[in-house]
Amino acid sequence: MATPRAAAAVAAARPSTPRRRARARAGDGRHLDATADAVRAAGVAARRAAPRTGRAEDGEEDARGRRAVYVETYGCQMNVNDSEVMMAVLEGAGYDETKEVNDADVILINTCAIRDKAEAKIWQRLAYFRSLGNGKKRSEKPVVGVLGCMAERIKEKLLEADRLADIVAGPDAYRDLPNLIDAVVGNPGGKAMNVQLSVEETYADIIPVREAGSHSAFVTIMRGCDNACAFCIVPYTRGRERSRDLASIMYEIRLLSEQGVKEVTLLGQNVNSYAGEPASATTTDFLSSLRGESKDPIAELASASTERLASASGSAFVGYADGFASRYDPERKRAGTIQFAELLDKVASVDPEMRIRFTSPHPKDFPDDVLRVIRDRPNVSKCLHMPAQSGSSATLERMARGYTRESYFALIDRVKAMIPGCAITTDIISGFCGETEDDHEDTVSLMSAIGYEQAFMFAYSEREGTAGQRHQIDDVPEDVKQRRLQEVIDAFRARAAEKQQMEIGSTHCVLVEGPSKKNSDEWTGKTDTSKWVVFEKNDAIGKYAGDEDAPTSGSYGVKPGDYVAVRVTGCSTGTLFGQVLGKTSLVEFQNLHGAQWTTPKSSNGASAR
Ligand code: 5AD
Ligand code: SF4
């Protein structure tokens, strides 16, 4: 934890309303030092350095003429975090975000290419955005930009044939956005594009612009993917794997802790293949320039990061989980680097009251040392995403996943043995090339045998350029894909319903997220195992002392960002219902029970809703 002085400084700097937050962000140097260089290199410095005349309190445009940008984001959490990074770049270059598309000078759509359906939706939105310019003078039509994963794939179509976009920017080109926009503003009919993929870009030095007052945050730790699973377009849309340096990750985590964030999700396309450089030249520059800002809490954070880095010199590659393989040479990439287990341990050590989650992992990168950190750190979530994709060894082979049904089962057994009660979630694709009825039955039986807490299940959607598209035949008819998908979903649901029932009578340490959408007299929150819990508001609770049979009474109010002990009294398919027992903290709950939840003592006659 930081010193009180640092905490106070950050609190004072933290704006309390969205407007104040927007102002503070726009010119307050939230880009760290290296970004400033990079932004300068991108030609943005002139705009940032220009004297601010101040934005009027009532929101009218300031004398520099700040522009309004509207951003719509599709796809995964990584895309959400990318949009936050993009906003940081744009705010530094004279833009403010608007939630009203009709007010926007610039409309940006951050896209996903993972399945055909995701793309279809985006084409519809683009046609709509274009129509907003109808009847307006050319100079007043909003600039429309397509960003992210669809950019590379469809750049010609977007700019030339359909003319639905003015600018196209790939996932590694966000620093260039102000330049791209400038190139088309006031240049009717102009087009600008940067879809260059980088082997280095991690946006390490940019502090994303996050939702004001949110208690959860995403922190991207690596980008790209080298796995080349046969179905997946990600390596083509997002490029090679690269890891963000440890110092900048630690800095951001500490900053979030100072800001009262209670849940951080570490992100990466293959998050647990993290391989950070121990202490690069960039790291040293980055830290020393932070220390230069002497009155800023950043300086203290930088010193603390240096202490932590002293022990982070990289280590030998410990290998993959037993029975798992990879097509690329792991030694070349990871020997001597800081690997995921060490990173996770360091991140978790920053603030014991901050829950750490991570996504999206590959099962191959769960060697025992990663499992040990998850087991031993109370604030690392006991919910692991283990994307199986299929339960058939033959299909897994065709998918080039690097494991068999048996090795996947063995890994799950190891997780369950080392981390009792750990929730497990998965991704499944039905109807991949060559999938037979027997292969499909293997997936159904996997769903029944493992009993996932959550599953994301999809029909295979062929993507251009992938190994699946180039070397295999998409030979499962659409109706068969859909029928198999439904059977997989049914198998998942049957076990998930049982698991929900088994929760009744248990007590969880729940992070309060906000009022329930359905009933404002209820709060919603999340358990350590990532389950949603709804419970009645009660502002007369006391401190939880371990008695699961009776709620405490006192004068503690409950608000979003608090941890409370909640006894589960009922459930539906996706939600637990409960009664709040008292106020608690991660550490206090752990001291009382040895974990962030207790198993049911009795069902208390409770029933499913
Ligand atoms: N078709 C269907 N689902 C896919 N996924 C990835 N590529 C495809 C595809 N071509 C799924 C995988 C992955 C999740 C993010 O999306 O299950 O884990
Ligand atoms: Fe979609 Fe994958 Fe890109 Fe995320 S990384 S936005 S899931 S294509």
Side-chain angles (χ1 to χ4, degrees), residues 71-86 109-122 146-154 169-172 174 195 197 218 220 222-241 265 267-272 359-364 384-391 395-396 398-403 408 425-433 435 443 446-447 452 454-470 472 474 476 478 481-482 484-485 488-489 492:
V71 181
E72 209 165 273
T73 304
Y74 292 84
C76 59
Q77 288 149 318
M78 200 82 188
N79 255 22
V80 173
N81 192 231
D82 275 6
S83 290
E84 295 170 343
V85 165
M86 179 201 307
I109 181 161
N110 197 357
T111 62
C112 174
I114 199 122
R115 283 171 291 275
D116 210 30
K117 264 193 195 154
E119 287 196 358
K121 169 90 187 161
I122 283 156
V146 171
L147 316 175
C149 291
M150 273 169 78
E152 162 64 27
R153 264 174 52 65
I154 51 166
D172 292 339
Y174 299 144
V195 291
L197 289 174
F218 296 129
T220 296
M222 59 83 68
R223 300 176 74 85
C225 179
D226 286 355
N227 283 325
C229 301
F231 51 80
C232 191
I233 199 164
V234 171
Y236 307 92
T237 61
R238 286 190 170 259
R240 305 299 306 265
E241 272 180 23
T265 305
L267 296 180
Q269 262 83 40
N270 193 351
V271 69
N272 51 345
T359 200
S360 184
H362 190 292
K364 75 179 187 321
L384 297 187
H385 192 52
M386 293 277 181
Q389 310 298 0
S390 170
T395 308
L396 289 168
R398 283 193 300 277
M399 288 176 163
R401 288 288 288 174
Y403 53 90
Y408 183 85
T425 64
T426 200
D427 291 345
I428 297 288
I429 298 178
S430 277
F432 183 67
C433 307
E435 186 187 76
T443 302
L446 177 96
M447 303 308 278
Y452 293 106
Q454 180 63 269
F456 303 91
M457 297 158 284
F458 313 98
Y460 174 57
S461 164
E462 187 179 72
R463 309 315 288 141
E464 205 182 320
T466 57
Q469 186 258 332
R470 284 180 288 125
Q472 303 186 48
D474 182 13
V476 179
E478 193 54 38
K481 279 183 191 169
Q482 293 300 333
R484 289 182 187 170
L485 174 62
V488 170
I489 293 173
F492 157 70

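Position 1 is the first residue of the sequence; numbering continues from there. As the structure lists them, so they are numbered: ligands from 1, and atoms in each ligand from 1.
Within the 4.0 Å heavy-atom criterion, both parts of Ile114, backbone and side chain, lie near ligand 1. At a heavy-atom cutoff of 4.0 Å, ligand 2 is contacted by the side chain of Val234 but not by its backbone.
For Tyr460, no nitrogen or oxygen atom sits less than 3.5 Å from a nitrogen or oxygen atom of ligand 1, counting backbone and side chain alike. In terms of polar-atom proximity, defined here as any N/O pair under 3.5 Å, Arg463 makes no such contact with ligand 1. Considering backbone and side-chain atoms alike, Glu462 places every N or O at 3.5 Å or more from each N or O of ligand 1.
In this structure, the protein non-hydrogen atom closest to atom 1 (Fe) of ligand 2 is Cys112 SG, 2.4 Å. Among all non-hydrogen protein atoms, the one lying nearest atom 4 (Fe) of ligand 2 is Cys76 SG, 2.3 Å. Among protein heavy atoms, atom 5 (S) of ligand 2 sits closest to Arg238 NE, 3.2 Å.
In summary, no N, O or S atom of Cys149 is located under 2.8 Å from atom 1 (Fe) of ligand 2.
Comment: Asp172 does not engage Arg240 in a salt bridge, judged by the lack of any side-chain N to carboxylate O separation of less than 4.0 angstrom. In summary, Arg463 and Glu119 engage in a salt bridge, as defined by a charged side-chain N under 4.0 Å from a carboxylate O.
For Ala459, the closest heavy-atom approach to ligand 1 falls below 4.0 Å. Contact annotation: Gln269 has at least one heavy atom less than 4.0 Å from an atom of ligand 2.
Between atom 3 (N) of ligand 1 and the options Lys117, Arg115, Met457, Lys481, the minimum heavy-atom separation is to Arg115.
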